[in-house]
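Residues take their numbers from the sequence shown, with the count starting at 1. Reckoned from all heavy atoms, side chains included, excluding hydrogens, waters and symmetry mates.
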Amino acid sequence: MKTLFPKLAVAAGFVLLLAVAAPPARGCSICRCGDPTFNALGTDVYKEGAFRVSLDWERFDKEQGNIPEEGAAAAKALPRFSSRFLSNNDLGREAVIENRFTTGFSYTFGERVVAVARIPWSSRHTSTVGATEPPEGGPNESRDLSDPDVYALVRLWSSDFTGGLGRRAWLSALGGVKTAWGKNDLTSGGVRLDEHLQPGTGSTDWFGGLSGLYLLDHRSSLFASFQLRRTGTNDFDYRYGDSTLANFGYERKIGEIWDAVVELNFRDAGRDAVDAERTLDPNTGGRLLYLTPRVVVDLGKGVVGRLAVQVPVYKDLNGDQRENVVANVGLTYLF
């Protein structure tokens with residue numbers, strides 16, 4: 001019991017950090033849960049002089065209300081709609097499926113600073129639930145560059161070296177920017193595509209937060225982080241809401257080359273503003289909690305493979321929305 005108590009105390013401290021440090025926030029309709037740094041780099045973030053390249057594929061699937069309730073009956077009568085519906089609430093629901101491919105680069109300066117750049121490419125498809133044909137008014141697919149982001153982690157504190165473990169605990173600050181370099185002005189026939197088909201948000205967003213690690217022993221560790229994201233308005237007066245992300249994870253080595261990870265990923269979000277008058281979309285934002293199991297395998301020669309699924313276990317979403325399972329597959333190479 002004496003050796004177990006400090007471990008439980010540290011774990012409780014991480015949970016408390018997440019609870020008190022994450023103030024209420026507004027959130028976007030298509031933002032991610034989870035910690036991309038921990039996902040790509042694992043717990044060995046501050047390996048001196050390490051240059052890493054990561055490749056990730058992520059599939060995101062969401063539905064949200066699109067047609068006002070009074071228009072549902074008229075929508076059902078249209079020939080392009082199927083007669084198979086889960087319920088009347090499904091009428092007019094917009095489905096968005098995105099496959100995102102992200103290349104990440106990171107370099108560790110000494111044992112205190114990690115610089116990270118991530119460049120995503122997005123393929124999106126929208127449809128109306130129950131429709132047998134694309135909606136009128138243009139194409140429902142897009143493929144192009146999404147918004148790169150650049151950020152840095154700075155180690156604020158770490159424990160002294162412990163025999164067989166190295167530094168047993170550390171606390172870091174994170175800060176960065178999501179650029180507006182992705183495509184947000186794709187058109188078809190001279191008409192701009194729907195906002196949810198645009199690969200980029202068209203806005204410059206700032207984010208910052210804290211993260212920490214505690215090694216329980218030579219085979220297992222705890223990880224926690226939280227992050228605040230503040231969004232800007234694009235040239236078409238659309239503004240995705242601000243958001244707060246919080247994450248708590250446990251990692252354990254289960255063999256010579258295998259690691260198992262389980263995480264809780266939380267997002268606190270609000271509604272998007274859709275025009276210059278700051279009209280709020282009632283079918284965006286809310287709170288969401290994912291349970292995320294992940295398997296990590298050392299493929300040799302500096303290559304690590306990753307496979308994860310994010311399963312929504314708690315939803316308190318605004319209006320008419322459905323968030324589905326998110327899949328992630330990735331590789332990280334250490335030079």
Distance from Asp298 atom CG to Ile257 atom CD1, nearest 0.5 Å? 7.0 Å
Using 0.5 Å steps for rounding, measure from the CZ atom of Phe223 to the OG atom of Ser211. 5.0 Å
Salt-bridge contact Glu98-Arg143 (side-chain N to carboxylate O under 4.0 Å): no
Side-chain (Arg167) to main-chain (Ser159) donor-acceptor, under 3.5 angstrom: yes
When every non-hydrogen atom of Ser146 is compared with those of Pro199, the smallest separation belongs to OG-O, 2.7 Å
Main chain of Leu291, side chain of Glu263: is a donor-acceptor contact present, judged purely on distance under 3.5 Å? no
Hey, mind stepping through Ser203 and Thr233 against side chain to side chain contact (heavy atoms under 4.5 Å, CB included) and telling me if it holds? CA-CA 5 Å; Ser203 65; Thr233 302; 6.0 Å; no
Test item: Asn99 and Phe101 side chains (from C-beta on) under 4.5 Å apart, heavy atoms: yes
Check the pair Tyr214 / Arg168 against side chain to side chain contact (heavy atoms under 4.5 Å, CB included), numbers first and verdict last. CA-CA 6 Å; Tyr214 181 76; Arg168 185 152 197 166; 3.5 Å; yes
Salt bridge check: are Lys178 and Asp147 linked by an N-O gap of less than 4.0 Å? yes
Going by heavy atoms in the side chains, are Leu288 and Pro312 under 4.5 Å from each other? yes
Check whether Asn318 reaches the backbone of Pro282 with its side chain - one donor and one acceptor, N or O, closer than 3.5 Å. no
Could you state whether Phe105 and Val113 fall into the same hydrophobic cluster, counting links through intermediate Ile, Leu, Val, Met, Phe, Trp or Tyr residues with side-chain heavy atoms under 4.5 angstrom apart? yes
Is Val326 linked to Leu55 within one hydrophobic cluster, defined over Ile, Leu, Val, Met, Phe, Trp and Tyr using a side-chain heavy-atom separation of less than 4.5 Å? no
Between Phe236 and Arg192, is there a cation-pi geometry (under 6.0 Å to ring centre, at most 45° from the normal)? yes
Short N-O contact, Asp259 and Lys253, less than 4.0 angstrom: yes
Could you walk me through whether Val274 and Leu280 pass side chain to side chain contact (heavy atoms under 4.5 Å, CB included), step by step? CA-CA 6 Å; Val274 300; Leu280 297 180; over 6 Å; no
Partner of Tyr290 under side-chain contact (heavy atoms from CB on, under 4.5 Å), chosen from Asn265, Val311, Val309: Asn265
Please round to the nearest 0.5 Å and tell me the distance separating atom CG of Asp144 and atom CG of Leu193. 10.5 Å
So if you build clusters from Ile, Leu, Val, Met, Phe, Trp, Tyr with side-chain heavy-atom gaps below 4.5 Å, do Val53 and Val296 land together? no
Answer yes or no: is there a donor N or O on one side and an acceptor on the other, between the side chain of Thr284 and the main chain of Asp272, under 3.5 Å? yes
Using 0.5 Å steps for rounding, measure from the OG1 atom of Thr204 to the CH2 atom of Trp181. 9.0 Å
Quick check against the 3.5 Å criterion: does Thr231 have a side-chain atom that pairs as donor or acceptor with the backbone of Tyr240? yes
Any side-chain heavy-atom pair from Ser221 and Leu215 closer than 4.5 angstrom? yes
Between Arg278 and Ala273 the two heavy atoms that sit nearest each other are CD-CB, 3.8 Å
Side chain to side chain contact (heavy atoms under 4.5 Å, CB included), that's the test. Do Arg59 and Ile97 meet it? Break it down for me. CA-CA 7 Å; Arg59 185 183 187 277; Ile97 297 177; 3.5 Å; yes
Can you check whether Leu171's main-chain N or O pairs, donor with acceptor, with Arg155's side chain at less than 3.5 Å? no
Any salt bridge between Arg306 and Asp56, counting N to O under 4.0 Å? yes
State whether the side chain of Arg100 and the backbone N or O of Pro120 hold a donor-acceptor pair below 3.5 Å, judged by distance alone. no
Audit row: Ser225, Asn247, side chain to side chain donor-acceptor pair (under 3.5 Å) steps and yes/no: CA-CA 5 Å; Ser225 69; Asn247 309 283; 3.1 Å; yes
Would you give the length of the straight line joining atom CG of Leu197 to atom CG of Asn184, rounded to the nearest 0.5 angstrom? 11.5 Å
Would a 4.5 Å heavy-atom cut-off, applied to side chains only, mark Asp205 and Asp149 as touching? no
pair Gln227-Leu174: side-chain heavy atoms closer than 4.5 Å: yes
Would you call the rings of His196 and Tyr238 parallel, tilted or perpendicular, taking 30° and 60° as the class edges? perpendicular
Note, Leu307 side chain near Arg294 side chain (heavy atom, < 4.5 Å): no
Are Glu94 and Lys62 close enough, and set up right, to give a salt bridge (Lys or Arg N to Asp or Glu O under 4.0 Å), and what steps lead you there? CA-CA 8 Å; Glu94 180 190 54; Lys62 174 177 180 171; over 6 Å; no
Could you walk me through whether Arg267 and Glu323 pass salt bridge (Lys or Arg N to Asp or Glu O under 4.0 Å), step by step? CA-CA 12 Å; Arg267 183 183 78 211; Glu323 298 267 4; 2.9 Å; yes
Would you call the rings of Tyr107 and Phe51 parallel, tilted or perpendicular, where under 30° means parallel and over 60° means perpendicular? tilted
Do Val295 and Val304 share a hydrophobic cluster, counting only Ile, Leu, Val, Met, Phe, Trp and Tyr and linking them when any side-chain heavy atoms are less than 4.5 Å apart? no
Under 3.5 Å, is there a donor-acceptor pair between the side chain of Glu251 and the main chain of Leu222? no
Does CH2 belonging to Trp206 count more than 12 external heavy atoms closer than 6.0 Å? no
Can you establish whether the number of heavy atoms outside Trp57 located under 6.0 Å from its atom CH2 is more than 12? yes
Would you mind reporting whether Val191 and Thr187 have side-chain heavy atoms less than 4.5 Å apart? no
Using modelled atom types and a 3.5 Å cut-off, is there a donor and acceptor pairing between side-chain atoms of Asn140 and backbone atoms of Ser127? no
Between Tyr151 and Gly176 the two heavy atoms that sit nearest each other are CB-CA, 3.6 Å
Separation between CG of Leu289 and NZ of Lys315, rounded to the nearest 0.5 Å: 11.5 Å
Any non-hydrogen side-chain atom of Arg252 less than 4.5 Å from a side-chain atom of Asp217? yes
Donor-acceptor contact below 3.5 Å, side chain Asn283 vs main chain Gly65: yes
When you group the ILVMFWY residues by side-chain heavy-atom contacts below 4.5 Å and let the links chain together, are Val313 and Val262 in the same group? yes
Taking every non-hydrogen atom, the tightest pair across Ala308 and Thr292: CB-CG2, 4.2 Å
